[in-house]
Amino acid sequence: MDSASRDQVQEEEQTSGTWSDLPMDILCLIKHHLFAADSAAFSAVCKTWKSVPAVVRSLALPPDNNDNPLSNCPCLMFLNNHFYHPVYNASFQLDNILCLPEGIIRVSKYGWLLMTQGDHCPFFFNPFTNVRIDLPRMDYKVSSVTFTNPPTSNDCEIVGFSTVDDVIRVYSIKRGKESWTEHEFKNRFCVVLSRCNPVLHGGRYYCLGTKGNLVVYDPKKNTVHRTGSPNHMWAHFEDSDCRHYMLESEGDIFAVFVACSGRHICICRLNLSKMVWEMVEDLLEDKMLFVSRPASFLEKALVRGTGNKIYFPRFHGDNGLFYSLATQRYHTFGGGSCYESFHNSKERLYCTWMKPSQLLQFDREAAFYLDETCMEKKFLW
């Protein structure tokens, strides 16, 4: 290029400016509409684009639109009325939701939260209608618990499990009852139940033990039986700090075992005929796996680059942490680094993943108990 051409280019650049000279409000508007992977690429363009602040959204309920990832992708819900959206790698608020009451989220299903204050005072809470249902006091602490239907349904039943010494205890209560029913079974194999909530499948409850074994409760026969431990792969998961997650998807039961510090992860499918765990390799090719203690589930990947990953309720700074089965490393959409473990990430304990159907669901029967003058109202179990 001769000197005249160089001068012409420089003159044009000075006249037209560069991409880094775009006004900050325009850059913020662009970033607001990007998904997480595209947002990371956006920030890598130049220093100016990297300095564009993270998006904090304040929204009403997302529209019921199957083409809108905001309404189709699960979100992580916190007690302080904040949500984290993994596709956008951003936090937002729903304007019509109050802060949740104090307590521990035990289960998240059907748009409802089963919570406890202390170990013995359970209650239901619907964060989208602010309806609270107080339940009869429990005499014992449960390790895992679930419920079968929305609490406004006459068919709703809560079932909880605990292991104490050589006894397996099963607690249950149906809507309309004033006290819990308790059943005791001899714990011949000294199974210790994990804090992973049970899965109801085929009319039976499957409870995961800390050694990977299962306690299966049949309420019709009022019996329990136990399966063996998956010894062939359990060497990495014997530490007390290991995390266990269990879920049902399309008629199969899956378990996710996460070793101490997250250095090893194993996904297994339960062979229901042999009652043994079998490792799976190709489960998540086009799926996103969301795990948390109150709720875990498998969803179809909606956006390029989000499949074949496990999404945890953990953060590296402000960025959500996920595990890629392709790289066998932990990543965030907000940076290019990868990690072999949970190192320098923080687990959020008081939160749960919620499905889009739960975010959009407004339980009509629950709404019956609300009126225009009362934003929060209790009704009896």
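Worth knowing before you read on, the calculation uses all heavy atoms, side chains too, and leaves out hydrogens, waters and symmetry mates. For clarity, every value in this text was computed on a predicted model and none was experimentally measured.
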K.L.:
Kindly say whether A255 contributes a backbone atom to a donor-acceptor pair with the side chain of W277 at under 3.5 angstrom?
P.N.:
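Checking the backbone N and O of A255 against the side chain of W277, no donor-acceptor pair under 3.5 Å is found.
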K.L.:
Go through Y339 and H316 one step at a time and tell me if the ring pair (Phe, Tyr, Trp, His ring centres under 6.0 Å) criterion holds.
P.N.:
CA-CA 10 Å; Y339 314 92; H316 197 280; 4.5 Å; yes
K.L.:
Can you list everything that forms a side-chain hydrogen bond (donor to acceptor under 3.5 Å, both in side chains) with E102? Sequence neighbours excluded, please.
P.N.:
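For E102, no residue satisfies side-chain hydrogen bond (donor to acceptor under 3.5 Å, both in side chains) once neighbours in sequence are set aside.
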K.L.:
Mind checking what makes ring-ring contact (aromatic ring centres under 6.0 Å, His included) contact with Y350, not counting sequence neighbours?
P.N.:
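Y350: no ring-ring contact (aromatic ring centres under 6.0 Å, His included) contacts found.
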K.L.:
Please enumerate all residues that pass salt bridge (charged side-chain N to carboxylate O under 4.0 Å, His left out) together with R243, with sequence neighbours excluded.
P.N.:
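R243 satisfies salt bridge (charged side-chain N to carboxylate O under 4.0 Å, His left out) with E347 once adjacent residues are dropped.
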K.L.:
Are the side chain of S153 and the backbone N or O of N149 linked by a donor-acceptor pair below 3.5 Å?
P.N.:
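No; zero donor-acceptor contacts below 3.5 Å.
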K.L.:
By ring-ring contact (aromatic ring centres under 6.0 Å, His included), which residues pair with F315, not counting sequence neighbours?
P.N.:
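ring-ring contact (aromatic ring centres under 6.0 Å, His included) list for F315, sorted by chain: Y84.
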K.L.:
Under the side-chain hydrogen bond (donor to acceptor under 3.5 Å, both in side chains) test, which residues partner R293, sequence neighbours left out?
P.N.:
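So R293 forms no side-chain hydrogen bond (donor to acceptor under 3.5 Å, both in side chains) with any residue.
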K.L.:
For F290, check ring-ring contact (aromatic ring centres under 6.0 Å, His included) against everything at least two apart and list the hits.
P.N.:
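Expected list: F297, Y311, W353.
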K.L.:
Mark yes or no for whether K211, through its side chain, and G209, through its backbone, hold a donor-acceptor pair below 3.5 Å.
P.N.:
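Flag not set: sc K211 to bb G209 has no pair under 3.5 Å.
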K.L.:
Do side-chain atoms of T116 reach the backbone of C121 as a donor and acceptor pair under 3.5 angstrom?
P.N.:
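Such a contact is absent between T116 side chain and C121 backbone.
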K.L.:
Once side chain to side chain contact (heavy atoms under 4.5 Å, CB included) is applied, do any residues pair with E250, and if so which ones, sequence neighbours excluded?
P.N.:
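Checked E250 against side chain to side chain contact (heavy atoms under 4.5 Å, CB included); zero matches.
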K.L.:
Mind checking what makes ring-ring contact (aromatic ring centres under 6.0 Å, His included) contact with F123, not counting sequence neighbours?
P.N.:
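ring-ring contact (aromatic ring centres under 6.0 Å, His included) check on F123 returns nothing, list empty.
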K.L.:
Any salt bridge (charged side-chain N to carboxylate O under 4.0 Å, His left out) involving residues 184-205? Give me the pairs, sequence neighbours left out, ordered by first then second residue.
P.N.:
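Qualifying pairs, neighbours excluded: D166-K186, R169-E184.
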K.L.:
Is any NZ, NE, NH1 or NH2 atom of the basic residue among R329 and E340 found under 4.0 Å from an Asp or Glu carboxylate oxygen of the other?
P.N.:
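Result for this pair is yes, salt bridge flagged.
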K.L.:
Among residues at least two apart in sequence or on other chains, which ones pass salt bridge (charged side-chain N to carboxylate O under 4.0 Å, His left out) with D155?
P.N.:
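By the salt bridge (charged side-chain N to carboxylate O under 4.0 Å, His left out) rule, D155 matches no residue at all.
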K.L.:
Strictly distance-based, threshold 3.5 Å: is any side-chain N or O of N89 a donor or acceptor partner for the main-chain N or O of G320?
P.N.:
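Yes.
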K.L.:
Who passes side-chain hydrogen bond (donor to acceptor under 3.5 Å, both in side chains) against K221, sequence neighbours left out?
P.N.:
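Not a single residue meets the side-chain hydrogen bond (donor to acceptor under 3.5 Å, both in side chains) criterion with K221.
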K.L.:
Please name all residues satisfying side-chain hydrogen bond (donor to acceptor under 3.5 Å, both in side chains) with S179, sequence neighbours left out, ordered by chain then number.
P.N.:
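S179: no side-chain hydrogen bond (donor to acceptor under 3.5 Å, both in side chains) contacts found.
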